[in-house]
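Worksheet: one structure, shown below.
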Amino acid sequence: MAEYEMLDLAPEVVDGFRSMFTVFTESEQNITKENLQRFYSNFDITFSEDDLNYLFRIFNQGDPDKDTIDFDDFAKTLDAKSRISRDAF
C-alpha cells in the first residue's frame with residue numbers, strides 16, 4: 001500500500017497531487033534536482049545547491065539522504081502543509 005493511501009486522501013486530492021507531481025518529473029518516476037532546476041529556469045528562477053538540499057530535506061523527512069522525491073513523499077508533504085492551513089482557520 002502506498003503511503004498516500006494511508007493518509008486517507010480523497011481520490012480527487014490524489015489526482016491533483018499527481019498532476020502537480022508530473023509537472024516536475026517529465027518522463028522520470030521521481031523528481032530530481034535537475035528537474036526542478038529545469039522547470040524553474042523557464043521562469044528565470046534558479047536555486048542554489050543549498051536551496052535544493054533544503055527542499056529535498058522537507059520532502060524527504062523520513063530519509064533526508066534521498067536524492068529524488070517520490071510521489072508518496074510529495075503527496076504526504078503537500079497534505080501535511082495543506083492541513084496546517086486548514087487547521088489555522
Side-chain angles (χ1 to χ4, degrees):
M1 174 180 285
E3 285 189 43
Y4 69 87
E5 291 172 342
M6 293 186 290
L7 294 172
D8 195 30
L9 298 175
E12 60 272 11
V13 173
V14 173
D15 289 345
F17 288 166
R18 178 73 65 189
S19 293
M20 288 184 259
F21 185 77
T22 58
V23 166
F24 298 107
T25 58
E26 298 174 7
S27 63
E28 292 136 27
Q29 295 287 327
N30 297 319
I31 297 172
T32 66
K33 291 178 182 179
E34 292 78 19
N35 294 135
L36 286 178
Q37 290 283 38
R38 194 170 25 255
F39 174 80
Y40 281 103
S41 72
N42 292 320
F43 306 100
D44 293 324
I45 298 171
T46 57
F47 290 112
S48 70
E49 190 64 26
D50 287 342
D51 293 334
L52 290 169
N53 289 336
Y54 173 77
L55 285 170
F56 275 66
R57 278 195 311 274
I58 295 296
F59 280 93
N60 291 318
Q61 289 188 20
D63 187 359
D65 295 325
K66 280 177 53 179
D67 61 352
T68 62
I69 300 168
D70 62 29
F71 181 72
D72 285 351
D73 289 331
F74 184 81
K76 186 171 45 174
T77 302
L78 290 183
D79 180 60
K81 299 295 183 192
S82 65
R83 285 180 193 272
I84 290 170
S85 297
R86 288 191 305 260
D87 293 345
F89 298 98

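All figures in this text were calculated on a predicted structure; none of them were measured in a lab.
- Contacts of Glu49 classified as salt bridge (Lys or Arg N to Asp or Glu O under 4.0 Å), with partners at least two apart in sequence or in another chain: Lys33.
- Once rounded to the nearest 0.5 Å, the distance linking CD of Glu12 with CZ of Phe17 reads 11.0 Å.
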(message) side-chain contact (heavy atoms from CB on, under 4.5 Å) for Asp73 and Lys66? Distances and angles first, verdict last.
(response) CA-CA 11 Å; Asp73 289 331; Lys66 280 177 53 179; 2.6 Å; yes
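- Ion pair Asp15/Arg18 not flagged as a salt bridge, since none of the NZ, NE, NH1 or NH2 atoms sits closer than 4.0 Å to an Asp/Glu carboxylate oxygen.
- Rounded to the nearest 0.5 angstrom, Phe47 CZ and Leu55 CG are separated by 5.5 Å.
- Gln29 CD: 12 or fewer foreign heavy atoms inside a 6.0 Å radius.
- Taking the six-membered ring where tryptophan is involved, the planes of Phe71 and Phe21 are perpendicular, since the angle between them exceeds 60° and thus also 30°.
- To the nearest 0.5 Å, atoms CG (Asn60) and CD1 (Ile69) are separated by 5.5 Å.
- In this structure, CE in Met20 is found 13.0 Å from OG1 in Thr25, a value given to the nearest 0.5 Å.
- When all heavy atoms of Phe24 and Leu36 are compared, the closest pair comes out as CD2-CD2, 3.4 Å.
- The line from CD of Gln37 to CD1 of Ile45 is 10.5 Å long, rounded to the nearest 0.5 Å.
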(request) For the pair Tyr54 and Asp50, evaluate side-chain contact (heavy atoms from CB on, under 4.5 Å) and give the outcome as yes or no after the intermediate values. (result) CA-CA 6 Å; Tyr54 173 77; Asp50 287 342; over 6 Å; no
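- The shortest non-hydrogen separation linking Val23 to Phe39 is CG1-CE1, 3.2 Å.
- In terms of heavy atoms, Ile58 sits closest to Gln61 at O-CG, 3.2 Å.
- The CD1 atom of Ile31 sits 9.0 Å away from atom OG1 of Thr22, with the distance rounded to the nearest 0.5 Å.
- When side chains are defined from C-beta on, Lys76 does not count as touching Asp79, because their heavy atoms never get closer than 4.5 Å.
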